[in-house]
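Notes follow once the structure below has been shown.
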Amino acid sequence: MKNYKISIIRGDGIGPEVISATERIIEAVEEKFSLKFEKILVEAGLEAYKKYGTNLPDFSLEKIKHSDCLLKGPTTSLEGEGTELGVPVKIRKYFDLYANLRPLKNFPRINSIFKGVDLLIVRENTEGMYSGLEYKISEGTNIGIRVATKRGAERIINVAFKLARERKERVTLGHKSNVLKMTDGLYKDVFEKVSKNYPDVEAKEEHIDALAMKLVMRPQDYDVIVLENLYGDIISDLAAGLVGGLGMAPSANIGENFAMFEPIHGSAPDIAGKNIANPIASILSFSMCLDWLGEKNASHVVEDAVINSLKRGDKLTLDLGGSSTTHELAESIANEILSISV
Ligand code: NAD
């Protein structure tokens, strides 16, 4: 029996619903494999802010530090001048989780404009426009500082090339170095240098605006796309829209020694508390967590169970064209996990 300590932030809005659905999947994985997950519940997000005056109290951070990895539900951000950074941004910075991996592909029965889409967005997670460096310099004039470092660019671009070797061996860098000559120019220079170490991988660069247009016309042409922080955030939501919406979009935030797994979507206040949110993004994030822990077989079984459940198609949530609840869909995936022969 292998034991893991998994810290869990249930989050705000639909967070507690999709995470409790994912906890059902954790139970099914425990039952199927010789694995045990000790769950450490961590308070963070808007509810924590209301109780403690901060969205990520020190005692929550301590709990996360003493776990092997973190499963995070979406948290509602505080908005407006002077408010704290969001929980995921704080955690990414604190643990230096520099690689945000966002796989976006077609799944059976999911309505989408294109077939044959299989993208991996590799988003730099610690610098760029999300560095938290925003200032008021005079009344009516605010500035934000965009950080680009050689170290940051090198490590994320290397991740992209390494992952491309396990896929279709194609990497595209999206940038705007014709305008942002210092910051995106640095990413472009590093990309050109690093690509020489991977002669087996096709390397392409495109301006981010042209890339956005091409993605909505021929997304099948792309494999791994490496992007700085803000571009990665926007382009991955766009790509989620190409494959059936945010309910199908998982992510991993990976550093050298720790990792956080969370759906790409937010707390979706418009559908919170109704038990209708799609839990698949969160369940697939747990599958990415299993993969990172080295539990490759269990990770594949969770993804296959999602595919089998979608193929059966009798338990789909509203966004997928059905009328089942969050927990009915999770139960269907859990049953598939238990029935797959390994
Ligand atoms: P959102 O992702 O919460 O919602 C966008 C749209 O997608 C909504 O119509 C919503 O109903 C739908 N949607 C999202 N997830 C879904 C699911 N699982 N199933 C079905 N439909 C789903 O984005 P938003 O409205 O811009 O943000 C709401 C809050 O979430 C904000 O406070 C934002 O800052 C926060 N947020 C948090 C994270 C995070 O914690 N990582 C990420 C993005 C946004």
Side-chain angles (χ1 to χ4, degrees), residues 8-22 25 42-50 55-56 60 64 70-80 83-95 97 100-102 104 107 110-112 121 123 125-126 130 132 229-230 232-253 259-286 288 306 310 315-330 333:
I8 297 182
I9 293 174
R10 290 198 171 134
D12 303 308
I14 60 169
E17 297 163 64
V18 296
I19 293 297
S20 109
T22 308
I25 302 306
V42 176
E43 289 180 278
L46 188 62
E47 291 309 315
Y49 174 79
K50 286 180 191 161
N55 57 13
L56 187 63
S60 291
I64 299 171
L70 168 66
L71 175 67
K72 181 186 162 295
T75 41
T76 300
S77 312
L78 304 163
E79 288 187 28
T83 52
E84 289 184 290
L85 286 175
V87 176
V89 178
K90 280 187 179 177
I91 294 174
R92 288 167 190 153
K93 274 175 172 285
Y94 186 85
F95 291 98
L97 307 179
N100 190 340
L101 311 183
R102 299 182 153 194
L104 297 149
F107 278 91
I110 305 301
N111 253 341
S112 57
I121 310 275
R123 166 190 174 194
N125 230 1
T126 55
Y130 288 5
N229 210 337
L230 174 63
D233 201 9
I234 296 171
I235 294 291
S236 51
D237 270 35
L238 177 150
L242 297 173
V243 295
L246 286 170
M248 300 302 298
S251 81
N253 298 261
M260 165 172 81
F261 301 86
E262 59 173 351
I264 290 182
H265 62 72
S267 54
D270 52 338
I271 56 166
K274 297 180 179 163
N275 197 17
I276 58 169
N278 181 352
I280 290 180
S282 174
I283 291 169
L284 290 175
S285 302
F286 176 61
M288 294 181 84
V306 168
L310 291 172
K315 298 284 182 235
L316 300 177
T317 44
L318 195 62
D319 59 316
L320 303 180
S323 56
S324 297
T325 65
T326 307
H327 289 89
E328 283 167 347
L329 176 52
I333 296 168

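Atoms within a ligand are numbered from 1 in the order they appear, just like the ligands themselves. For this chain, numbers begin at 1 and follow the sequence in order.
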> Just by distance, with hydrogens left out, do Asn253 and Lys72 show a side-chain donor and acceptor under 3.5 Å apart?
Replying inline: no
> Got an N/O contact under 3.5 Å between His265 and ligand 1?
Replying inline: yes
> Could any protein non-hydrogen atom be found less than 4.0 Å from atom 24 (P) of ligand 1?
Replying inline: no
> Protein heavy atom under 4.0 angstrom of atom 12 (C) of ligand 1, is there one?
Replying inline: no
> Among the heavy atoms of Pro88, does any lie under 4.0 Å from an atom of ligand 1?
Replying inline: yes
> Of all the atoms in ligand 1, which lie at a distance below 4.0 Å from a heavy atom belonging to Ile14?
Replying inline: 15 (N), 16 (C), 17 (C), 18 (N)
> Should the proximity of Asp270 to ligand 1, defined as any heavy atom under 4.0 Å, be assigned to the side chain, the backbone, both, or neither?
Replying inline: side chain
>> To check your reading of the model: name the closest protein heavy atom to atom 43 (C) of ligand 1, its residue, and the distance in Å.
In response: Gly266 CA, 3.5 Å
>> What protein heavy atom lies closest to atom 35 (C) of ligand 1? Include the residue and the distance to one decimal.
In response: Thr75 O, 3.5 Å
> Hey, what do you get for CG (Leu318) to CD1 (Ile276), rounding to the nearest 0.5 Å?
Replying inline: 5.0 Å
> Is atom 27 (O) of ligand 1 less than 4.0 angstrom from some protein heavy atom?
Replying inline: no
> Taking all atoms of both residues into account, what is the closest heavy-atom pair of Asn55 and Ala48, and its distance?
Replying inline: O-CB, 4.0 Å
> Which residue supplies the protein heavy atom nearest to atom 21 (N) of ligand 1, what is that atom called, and how far is it?
Replying inline: Ile271 CD1, 3.6 Å
>> If the cut-off is 4.0 Å to any non-hydrogen atom of Glu262, which atoms of ligand 1 fall inside it?
In response: 41 (N)
> Do you know which two heavy atoms are closest between Arg102 and Asp233, and how far apart they sit?
Replying inline: NH1-OD1, 3.5 Å
>> Within ligand 1, which atoms have a heavy atom of Lys72 less than 4.0 Å away?
In response: 39 (C), 40 (O), 41 (N)
> Can you tell if the side chain of Glu17 reaches within under 4.5 Å of the side chain of Ile271, non-hydrogen atoms only?
Replying inline: no
>> How far is atom 29 (C) of ligand 1 from the closest protein heavy atom, and which atom is that?
In response: Ser267 OG, 3.2 Å
> Taking all atoms of both residues into account, what is the closest heavy-atom pair of Leu85 and Val89, and its distance?
Replying inline: CD1-CG1, 4.2 Å
> If we only count heavy atoms from C-beta on, is the Leu246 to Asp319 side-chain gap below 4.5 Å?
Replying inline: no
>> Quick check for you: to the nearest 0.5 Å, what is the distance between Ile121 atom CD1 and Ile264 atom CD1?
In response: 8.0 Å
>> Tell me whether ligand 1 is touched by Ile264 - counting only heavy atoms on the residue side and a distance under 4.0 Å.
In response: yes
> Any idea which heavy atoms bring Ala277 and Thr326 closest together, and the distance?
Replying inline: O-OG1, 2.7 Å
> Which atoms of ligand 1 sit under 4.0 Å from any heavy atom of Leu246?
Replying inline: 2 (O), 5 (C), 7 (O)
> Taking only heavy atoms of Asn278, which atoms of ligand 1 are found under 4.0 Å from at least one of them?
Replying inline: 17 (C), 18 (N), 19 (N), 20 (C)
> So which of Pro269, Gly73, Ala268, Gly13 gets nearest to atom 4 (O) of ligand 1, if we judge by its closest heavy atom?
Replying inline: Ala268
> Which protein heavy atom lies closest to atom 34 (O) of ligand 1, and at what distance to 0.1 Å?
Replying inline: Ser77 OG, 2.5 Å
> How far apart are the closest heavy atoms of Leu242 and Ser112, and which atoms are they?
Replying inline: O-CB, 3.2 Å
>> Looking at every non-hydrogen atom in both residues, tell me the closest pair between Thr126 and Lys93 and how far apart they are.
In response: O-NZ, 4.1 Å
